[in-house]
Q: 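Could you have a look at this structure, given as structure tokens, before my questions?
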Number of protein chains: 2
Amino acid sequence: MDKKITEKLKENNYKLTEQREAVLEVMLDNRGKHLSAEEVLQEAKQKMPNIGIATVYRTLEKLASMDILYKTMFEGGKFRYELSDEDTHQHHHIVCLKCGHIYEFEEDLLNELESRLEARGFEIVDHELKFYGYCPECREKMRK
Amino acid sequence: MDKKITEKLKENNYKLTEQREAVLEVMLDNRGKHLSAEEVLQEAKQKMPNIGIATVYRTLEKLASMDILYKTMFEGGKFRYELSDEDTHQHHHIVCLKCGHIYEFEEDLLNELESRLEARGFEIVDHELKFYGYCPECREKMRK
DNA sequence: ATTAATACTAATAATCATTATCATATACAC
DNA sequence: GTGTATATGATAATGATTATTAGTATTAAT
Ligand SMILES: [Mn+2]
Ligand SMILES: [Mn+2]
Ligand SMILES: [Zn+2]
Ligand SMILES: [Zn+2]
């Protein structure tokens, strides 16, 4: 179990139950993946067979509210969760419209845009950027 | 009724029923707003009292699939529709976390990011950018 | 330790947006 | 006008998420 995370839990006087530990482990085991609540449930059941879906939702929500997880919605209308980038700026996503794979990228050129909006009187606290297109593999396949 | 739009409808051999006309008119009457299916239904009923919710969903979906409408989801877990920017690049959104108002902006600095991704082998067909923060009015109120 | 208060859980019902079904109605090409 | 593919309204079904509830585990106070 990650040290920073357990510290955060204590700060928010948040009890570390078996269920929560199971959910956290699932997320840690799946770095880089974007899991739905149902997917988390399935994996968590292998560690804790009678964990319920409501507990999974509650736990994911709590972890997201303390920025341990990052919650976002891709095409398909359901939320997905992933481990949050700790110090660095949260990365952004490229969704392949063919295979559905989600790629990630780190570059961030949005600071200039943010300054422009701030010059107009807004205070920006977060942004979310998604690209949709075709990944290199799918383009190759489609060429044939 | 907009000329370009009726042309598009013909191209997709799309029958022009009263219901579809009503939905389209609602969208044209609400340029700049972001309406949910339920909101469209309410307004459409004033033109066509027995239009059903399923027809509204079907029509919105079709109009979006032929790029007459733009469909997106903000916080709140339901899709919203608005007239699509015809020639120019679809604008982006700033959502105020206090009052919920959705502001729009046109600036687009994403071309450089897109080129970088294309250099990596991706083909980008669309992108979506949302900012979350506080609008000038809410900041003013909060200061007091 | 015993009790009382609090936090957490599983099961399941309820909700809400969206989609599917199906019998009837309509647009439009001929 | 007729035929037929398409569209419609009513409503059931679905799928994701949230709320409820009764029971269990933890903690805090005696
Ligand atoms: Mn990611
Ligand atoms: Mn808009
Ligand atoms: Zn792909
Ligand atoms: Zn505001």
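Given the structure is predicted, the values throughout are model-derived calculations rather than measurements. In what follows, chains carry the letters A, B, and so on, assigned in the order in which the sequence lines appear, proteins first and then strands, with residues in each chain numbered from 1.
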Q: Quick one: does B:Arg20 reach the base of C:dA27 with a side-chain donor-acceptor pair under 3.5 Å?
A: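 Such a pair does not exist between side chain and base.
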Q: Whole-Å distance between C:dC8 P and A:Met48 CE?
A: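 Distance check: A:Met48 CE to C:dC8 P gives 15 Å.
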Q: Looking at B:Gln19, I'd like to know whether one of its side-chain N or O atoms comes within less than 4.0 Å of OP1 or OP2 on D:dG9.
A: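 Indeed, a polar side-chain atom of B:Gln19 lies that close.
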Q: Look at the side-chain N and O atoms of A:Thr17 and state whether any lies under 4.0 Å from the OP1 or OP2 oxygen of D:dA25.
A: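 Checking A:Thr17 against D:dA25: no side-chain N or O falls below 4.0 Å of OP1 or OP2.
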Q: Between A:Lys141 and A:Glu137 (salt bridge meaning N to carboxylate O under 4.0 Å), is one present in this structure?
A: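 Here A:Lys141 does not pair with A:Glu137 in a salt bridge, since their nearest N and O are not under 4.0 Å apart.
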Q: At less than 4.0 Å, is any side-chain N or O atom of A:Thr55 found next to OP1 or OP2 of C:dA10? Yes or no.
A: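 Result: yes.
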Q: Between protein and nucleotides 13-19 of chain C, map the contacts as a letter string: B base, S sugar-phosphate only, - none, heavy atoms under 4.0 Å, written 5' to 3'.
A: ----SBB
Q: Between A:Tyr103 and A:His101, how do the two ring planes meet: parallel, tilted or perpendicular, split at 30° and 60°?
A: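 The rings of A:Tyr103 and A:His101 sit tilted, inter-plane angle from 30° to 60°.
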Q: Is A:Arg143 paired with A:Glu140 through a side-chain N to carboxylate O contact shorter than 4.0 Å?
A: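 Salt bridge present between A:Glu140 and A:Arg143.
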Q: What's the CD1-P distance between B:Ile51 and C:dA25, to the nearest Å?
A: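 The distance from CD1 of B:Ile51 to P of C:dA25 comes to 18 Å, rounded to the nearest Å.
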Q: How long is the line joining NZ of A:Lys15 and C1' of D:dA28, in whole Å?
A: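 It works out to 10 Å between those atoms.
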Q: Rounded to the nearest angstrom, tell me the gap between atom OH in B:Tyr14 and atom P in C:dT26.
A: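 Distance, rounded to whole Å: 18 Å.
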Q: How many whole angstroms separate atom CG of A:Leu41 from atom C1' of C:dA10?
A: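 Value for this atom pair: 12 Å.
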Q: Check this for me, if you would: do A:Glu18 and A:Lys47 make a salt bridge, where the nitrogen-to-carboxylate-oxygen distance has to be below 4.0 angstrom?
A: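 Looking at A:Lys47 together with A:Glu18, the answer is no, because their closest N to O distance does not fall below 4.0 Å.
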Q: Is the shortest side-chain N to carboxylate O distance from B:Lys8 to B:Glu11 below 4.0 Å?
A: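 Result for this pair is no, no salt bridge flagged.
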Q: Rounding to a whole Å, what distance do you find between B:Asn50:CG and C:dT26:P?
A: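 Atom-to-atom, B:Asn50 to C:dT26, this comes out as 10 Å.
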Q: Do the numbers put B:Lys98 on top of the ring of B:Tyr134, so that NZ or CZ is under 6.0 Å from the six-membered ring centre and no more than 45° off the axis?
A: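 No, B:Lys98 and B:Tyr134 do not form such a contact.
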Q: I need the CD-P distance between B:Glu18 and C:dA27, as an integer number of Å.
A: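 Distance check: B:Glu18 CD to C:dA27 P gives 7 Å.
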Q: Main chain of A:Met73, side chain of A:Lys130: is a donor-acceptor contact present, judged purely on distance under 3.5 Å?
A: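 Side chain of A:Lys130 to backbone of A:Met73, a donor-acceptor pair under 3.5 Å: yes, one is there.
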Q: Specify the separation, in whole Å, of atom CD of B:Glu21 and atom P of D:dT8.
A: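 Result: 12 Å.
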